[in-house]
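Residue numbering restarts at 1 for every chain, and letters A, B, ... go by the order of the sequence lines.
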2 protein chains.
Amino acid sequence: MQTVRKDIHNSEIPVLCQSCEARHQGICGALSGEELTALAKSTRRVHKDAGEELMADAMPIASYASVLRGVIKLSKVLEDGRQQVVGLQFAPDLLGRPFATESRVTAEAASDVDLCVIPKPALEELLSRSAPLEHRVMMQALRELDEARDWMVTLGRKTAAEKVASFLYLIATHMDPTDDAPETSFDLPLSRADISDFLGLTVETVSRQISRLKADGVIGIVNFRQISVPDLARLRLRCG
Amino acid sequence: MQTVRKDIHNSEIPVLCQSCEARHQGICGALSGEELTALAKSTRRVHKDAGEELMADAMPIASYASVLRGVIKLSKVLEDGRQQVVGLQFAPDLLGRPFATESRVTAEAASDVDLCVIPKPALEELLSRSAPLEHRVMMQALRELDEARDWMVTLGRKTAAEKVASFLYLIATHMDPTDDAPETSFDLPLSRADISDFLGLTVETVSRQISRLKADGVIGIVNFRQISVPDLARLRLRCG
DNA sequence: CGTAGCGTTGAGGTATGTCAACACGGGTGG
DNA sequence: CCACCCGTGTTGACATACCTCAACGCTACG
């Protein structure tokens with residue numbers, strides 16, 4: 001399932017980076033060859049299975065990570081256990097709150113993910129020296145802020161039906177289409193429980209709204225987790 | 001009503017800045033004397049009355065502004081008119097989405113506000129040359145992101161009672177106490193309608209919950225807009 | 001004194017939550 | 001191979017928190 005490359009650890013130059021699909025994306029795209037070579041000495045490529053916790057709320061941050069593949073779920077919980085997903089991260093996002101000693105969220109692998117883990121001091125040292133890198137990190141923060149605010153509208157003002165449509169639309173526009181399926185079809189990276197925590201609804205309501213969208217022909221359901229969208233514009237109309 | 005100072009435009013040195021309470025806060029705190037002098041040539045001090053629109057969603061951004069006094073309301077509207085407040089800005093925040101050609105929100109003066117208006121090119125030029133400045137802007141963006149995510153929990157998972165308590169707690173911890181009133185008392189910068197748009201509720205529900213908090217002795221109501229909080233910890237308990 | 005804007009209160013409706021039963025699918029062990 | 005179980009998802013019946021609609025109070029202002 002997972003392709004292991006022998007050549008990675010036998011070389012001085014960051015071969016890993018050369019063959020890395022994120023080389024010119026995310027934070028690595030802001031680095032010069034030299035900087036990349038220096039940074040690569042302290043990075044590790046890591047795989048996590050769906051469900052594994054990557055970072056706990058209010059816990060010290062040991063490292064950052066560049067998301068190479070998969071989806072990360074960021075969430076918060078109230079004392080009594082009520083949970084809210086506050087963000088999703090896709091490749092090539094940087095995982096970890098910059099310049100904080102503690103995480104403000106819990107990060108969990110929503111799907112199987114590949115990460116390029118960067119020790120906290122290594123990235124922060126580089127951040128202080130590379131303005132382009134800091135700029136890119138800021139641009140990501142600003143984009144996440146825009147997304148968070150968009151989602152606040154969904155949480156605060158949309159109906160359950162619109163929330164579910166908005167979620168599916170979000171995923172449809174962020175996920176690669178699955179190979180084996182026709183045109184616009186994708187795997188949901190989140191369980192119904194996760195979706196409900198993202199939307200501020202119950203699993204039952206999410207399930208009912210998905211069934212309804214299916215009944216209305218807006219979406220097709222292949223495999224519970226696999227959704228097809230014949231007409232994205234039609235789905236968009238349901239978003240309110 | 002509006003204080004106009006004659007000395008502002010008659011001087012080479014930024015007298016305005018020397019006497020400005022935001023001199024060492026917000027973005028100005030990251031600037032050297034020279035930089036400040038250069039920037040001050042293109043800034044204007046502006047007063048806006050409560051209710052005035054400062055920036056429209058999807059409209060080009062002509063300028064940034066440093067908030068000197070008062071509260072700014074950031075909001076978004078759906079096509080059908082449903083509205084959601086997605087953030088509040090207090091002094092010494094920077095108003096305006098950095099590095100965007102268009103605003104992603106509508107900004108409105110929630111109370112009377114004083115602004116230090118900075119033309120877009122002036123600030124962006126300075127941003128590209130001053131790493132400390134860019135750093136400070138990033139820190140604000142990251143803080144706003146944290147706040148937005150905190151608020152997503154409130155919107156998605158809290159009850160109406162908890163939402164209202166959370167709002168009052170937020171304001172109580174962000175506003176200066178009013179002079180004429182006892183210890184912990186403050187003016188609400190938002191109307192009931194604004195509060196309901198912030199909380200994703202109706203005005204009626206907000207009103208009922210405020211009445212309830214008053215009946216329970218958690219808050220006192222002086223003047224509709226003026227609230228007293230005898231015990232902040234007790235209010236905190238109502239936040240869920 | 002009348003009107004307009006904002007806030008409060010009440011009565012009743014509805015969307016969503018709650019509780020419970022059931023369906024499906026995948027693993028494990030006989 | 002089947003029996004069983006467990007996690008996940010769906011569906012139904014009922015409860016309720018919040019919304020909707022409507023009336024009314026208060027204050028400011030002409």
Side-chain angles (χ1 to χ4, degrees), chain A residues 49-52 73 78 80-84 108 110-111 154-168 187-216 219-227 238 240, chain B residues 1 49-51 73 78 80-84 108 110-111 154-168 187-216 219-227 238 240:
Chain A
D49 290 326
E52 285 192 72
K73 188 184 86 185
L78 261 26
D80 62 3
R82 280 175 287 175
Q83 188 165 145
Q84 177 66 46
E108 188 179 318
S111 63
T154 301
L155 286 174
R157 287 303 183 195
K158 291 190 185 176
T159 65
E162 291 166 340
K163 284 180 178 181
V164 170
S166 299
F167 171 77
L168 294 175
D187 282 332
L188 288 180
L190 267 55
S191 67
R192 297 291 189 271
D194 287 336
I195 297 172
S196 65
D197 283 340
F198 195 19
L199 297 172
L201 299 170
T202 59
V203 280
E204 294 93 331
T205 300
V206 170
S207 183
R208 276 186 256 267
Q209 296 302 337
I210 289 181
S211 298
R212 192 182 227 285
L213 284 173
K214 179 185 160 196
D216 292 356
I219 61 172
I221 294 182
V222 185
N223 207 7
F224 288 129
R225 281 296 191 96
Q226 195 169 140
I227 302 282
R238 299 291 188 116
Chain B
M1 196 60 91
D49 290 326
K73 186 185 87 185
L78 261 25
D80 61 4
R82 281 175 287 177
Q83 187 165 143
Q84 177 67 46
E108 189 179 319
S111 64
T154 300
L155 287 174
R157 286 304 184 196
K158 291 189 185 175
T159 64
E162 291 167 338
K163 284 180 178 181
V164 170
S166 299
F167 171 76
L168 293 176
D187 282 332
L188 287 180
L190 268 54
S191 67
R192 298 289 187 271
D194 287 336
I195 297 172
S196 66
D197 283 340
F198 195 19
L199 297 172
L201 299 171
T202 59
V203 279
E204 294 92 332
T205 300
V206 170
S207 183
R208 276 186 257 268
Q209 297 300 337
I210 288 181
S211 299
R212 191 182 229 283
L213 284 173
K214 179 186 160 197
D216 293 356
I219 62 172
I221 294 181
V222 186
N223 208 5
F224 288 130
R225 281 298 190 96
Q226 194 171 139
I227 301 282
R238 301 291 188 117

Report the distance from atom [atom1] of [X] to atom [atom2] of [N], rounded to the nearest whole Å.
X	N	atom1	atom2	answer
R157(A)	dA15(C)	CZ	C1'	15 Å
R212(A)	dG9(D)	CZ	C1'	19 Å
I210(A)	dA23(C)	CD1	C1'	17 Å
L190(B)	dG7(C)	CG	C1'	15 Å
R192(B)	dG25(D)	CZ	P	19 Å
L213(A)	dT10(D)	CG	P	12 Å
N223(A)	dT10(D)	CG	P	12 Å
I227(B)	dG7(C)	CD1	C1'	12 Å

Distance check: side-chain N/O of [X] vs OP1/OP2 of [N], anything under 4.0 Å?
X	N	value
T159(A)	dA15(C)	no
T205(B)	dC19(D)	yes
R225(B)	dC6(C)	no

- Query: Ignoring hydrogens and geometry, is there a side-chain-to-backbone donor-acceptor pair from R82(B) to R157(A) under 3.5 Å?
  - Reply: yes
- Message: Using modelled atom types and a 3.5 Å cut-off, is there a donor and acceptor pairing between side-chain atoms of S166(B) and backbone atoms of E162(B)?
- Response: yes
- On DNA chain D, nearest-nucleotide positions of A160(B) versus F224(A): which is more 5'? F224(A)
- So what does S211(A) hit on the nucleic acid, given a heavy-atom distance under 4.0 Å: a base, only sugar-phosphate, or nothing? sugar-phosphate
- With sugar-phosphate meaning primed atoms plus P, OP1 and OP2, does T202(A) contact a base, only sugar-phosphate, or nothing at under 4.0 Å between heavy atoms? base
- Query: Is there a donor N/O on one and an acceptor N/O on the other, under 3.5 Å, for the side chain of R208(B) and the base of dG7(C)?
  - Reply: no
- Is E204(A) side chain donor-acceptor paired with the dC19(C) base, going by distance under 3.5 Å alone? yes
- Item | Considering all heavy atoms, the nearest G200(B)-L155(B) contact | N-CD2, 4.1 Å
- Do L188(A) and F167(A) come within less than 4.5 Å of each other through their side chains, counting heavy atoms only? yes
- Does the distance from a Lys or Arg side-chain N to an Asp or Glu carboxylate O, for K73(A) and D197(A), drop under 4.0 Å? no
- Between dC18(D), dT16(C), dG9(D), which one does the side chain of L201(A) approach most closely? dT16(C)
